[in-house]
Amino acid sequence: MGYKAKFRVWRGDAGEGELKDYTVEVNEGEVVLDVIHRLQATEAPDLAVRWNCKAGKCGSCSAEINGRPRLMCMTRMSTFTEDETVTVTPMRTFPVIRDLVTDVSYNYEKAREIPAFDGGDVKPGEFRMQQVDVERSQEFRKCIECFLCNNTCHVIRDHEENKEHFSGPRFLMRVAELEMHPADVHDRRQIAQDDFGLGYCNITKCCTEVCPEHIKITDNALIPMKERVVGRRYDPLVWLGSKIGVV
Ligand code: SF4
Ligand code: F3S
Ligand code: FES
């Protein structure tokens, strides 16, 4: 059965904006993105919203719904009561371009800074990967780059000044994935700490909570990476090397 829902949507651009109230029709089985599209088709034809797959796979439709970072296409209207006002705002951590669309280029800049996989001199067919290593990478590879984790992490959410030194859980996870890859020849422990800001993470796990792919970012990537960094620091050879200035 259809009903009329109360929606409050942030409208504006990089300069300024405000929450605007709308009353929109909702049909059975719809998600928040359906309602936003109906709003575009009726009352607000100039409403800017980024989306692509409508299936939780492209990572485009990230926003904050009643204050919670979510994918609009995966948030069912049935999770709200009919008299509840549904507030939709853009991701807070990234600059607004217009309405619900943010500039997420910070994330792509951080991605580009990560040294690529380097398999050394191994020829095709010379290396056999263990199933456990395949599965570890596969979990991280489920990432759809919605950037909800980076949007949520308190290290940058309210601290613009930290962005320069912290690549966010999404890209610390990428560094960890490469570090844990048995065929990658780089030692990425030092750069994880120095260049990507692993030390800023105090394991609050908020990133893991909002991940729509249910990747255990903190437990399976960030904590193991921190353990490796600590392991390196207490390695007697590294200690000796640092004393004589060769590490
Ligand atoms: Fe989105 Fe999860 Fe990937 Fe972060 S790790 S960008 S929350 S899919
Ligand atoms: Fe931030 Fe996740 Fe660490 S939310 S503090 S990166 S556990
Ligand atoms: Fe692709 Fe929502 S539209 S994840």
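We count ligands from 1, going down the list as the structure has it; atoms in each ligand are counted the same way. Because only heavy atoms are used, hydrogens play no part in the values below, and waters and symmetry mates are left out as well, while side chains stay in.
- Which parts of ligand 3 touch Lys54 is read off a 4.0 Å heavy-atom cut-off, strictly below it: atoms 1 (Fe), 3 (S).
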Q) So Val230 and Glu227, side chain to side chain contact (heavy atoms under 4.5 Å, CB included) or not? Walk me through it. A) CA-CA 5 Å; Val230 169; Glu227 286 168 352; 5.8 Å; no
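- The closest side-chain donor-acceptor pair between Arg11 and Tyr22 falls under 3.5 angstrom.
- Around atom 6 (S) of ligand 2, the closest heavy atom drawn from Leu222, Leu198, Thr152 belongs to Leu222.
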Q) Do Arg157 and Glu64 pass the salt bridge (Lys or Arg N to Asp or Glu O under 4.0 Å) test, and can you show the C-alpha distance, the side-chain angles, and the key distance before you say yes or no? A) CA-CA 13 Å; Arg157 188 168 170 89; Glu64 308 205 353; 2.9 Å; yes
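- Those atoms of ligand 3 that come under 4.0 Å of a heavy atom in Asn52, given as number and element, are 3 (S).
- In terms of protein heavy-atom proximity, atom 4 (S) of ligand 3 is nearest to Gly59 N, 3.3 Å.
- Of the listed residues (Asp219, Asn202, Val210), the one carrying the non-hydrogen atom nearest atom 5 (S) of ligand 2 is Asn202.
- Atom 2 (Fe) of ligand 1 has Cys211 SG as protein N, O or S atoms under 2.8 Å away.
- Atom 4 (S) of ligand 2 has its nearest heavy-atom neighbour, among Ser167, Cys207, Cys149, Gly168, in Cys207.
- What sits closest to atom 6 (S) of ligand 1 on the protein, heavy atoms only, is Phe147 N, 3.2 Å.
- In this model, no donor atom of one side chain and acceptor atom of the other lie less than 3.5 Å apart for Asp46 and Gln40.
- Close approach to Gly56 involves these atoms of ligand 3, each under 4.0 Å from a residue heavy atom: 4 (S).
- Close approach of ligand 3 to Cys58 (heavy-atom distance below 4.0 Å) involves ligand atoms 1 (Fe), 3 (S), 4 (S).
- The same ILVMFWY cluster, assembled from side-chain heavy atoms under 4.5 Å apart, contains both Val35 and Leu100.
- Taking every heavy atom of Lys57 and a limit of under 4.0 angstrom, the matching atoms of ligand 3 come to 4 (S).
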Q) Going through the checks in order, is the salt bridge (Lys or Arg N to Asp or Glu O under 4.0 Å) test met by Glu213 and Lys57? A) CA-CA 9 Å; Glu213 284 295 315; Lys57 288 295 161 212; 2.7 Å; yes
Q | Test salt bridge (Lys or Arg N to Asp or Glu O under 4.0 Å) applied to Asp13 and Arg98, step by step | A | CA-CA 4 Å; Asp13 56 26; Arg98 191 154 70 87; over 6 Å; no
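- For the atom pair CZ (Arg68) and OG1 (Thr79), the distance works out to 10.5 Å, reported to the nearest 0.5 Å.
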**Q.** Trace of the ring-ring contact (aromatic ring centres under 6.0 Å, His included) decision for Phe171 with Tyr108
**A.** CA-CA 10 Å; Phe171 297 107; Tyr108 298 113; 7.9 Å; no
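- A distance of 5.5 Å separates CG of Leu71 from SG of Cys146, quoted to the nearest 0.5 Å.
- Within the listing of ligand 3, atoms 2 (Fe), 3 (S), 4 (S) sit less than 4.0 angstrom from a heavy atom of Cys73.
- For atom 7 (S) of ligand 2, the closest heavy atom belonging to the protein is Lys205 N, 3.3 Å.
- In terms of protein heavy atoms, atom 1 (Fe) of ligand 2 is closest to Cys153 SG, 2.3 Å.
- Each of the atoms 6 (S) of ligand 2 lies under 4.0 Å from some heavy atom of Pro169.
- Heavy-atom contacts of Thr204 reach the following atoms of ligand 2: 4 (S), 5 (S), 7 (S) (cutoff under 4.0 Å).
- For ligand 2, the atoms lying closer than 4.0 Å to a non-hydrogen atom of Thr218 are 7 (S).
- Because the distance cut-off is set at 2.8 Å, Cys201 qualifies as a neighbour of atom 3 (Fe) of ligand 2 through one of its N, O or S atoms.
- Ion pair Lys123/Glu126 not flagged as a salt bridge, since none of the NZ, NE, NH1 or NH2 atoms sits closer than 4.0 Å to an Asp/Glu carboxylate oxygen.
- Distances below 4.0 Å separate heavy atoms of Cys61 from the following atoms of ligand 3: 2 (Fe), 3 (S), 4 (S).
- The neighbour count for Lys163 NZ, taken as heavy atoms of other residues, nucleotides or ligands under 6.0 Å away, is above 12.
- Glu139 and Asn220 form a side-chain donor-acceptor contact under 3.5 Å, judged by distance and modelled atom types alone.
- The closest donor-acceptor contact from the side chain of Arg174 to the backbone of Ala111 lies at 3.5 Å or more, if one exists at all.
- Side-chain N/O atoms of His165 and Asp195 include no donor and acceptor closer than 3.5 Å.
- For ligand 3 and Cys53, the ligand atoms under 4.0 Å from any heavy atom of the residue are 1 (Fe), 3 (S), 4 (S).
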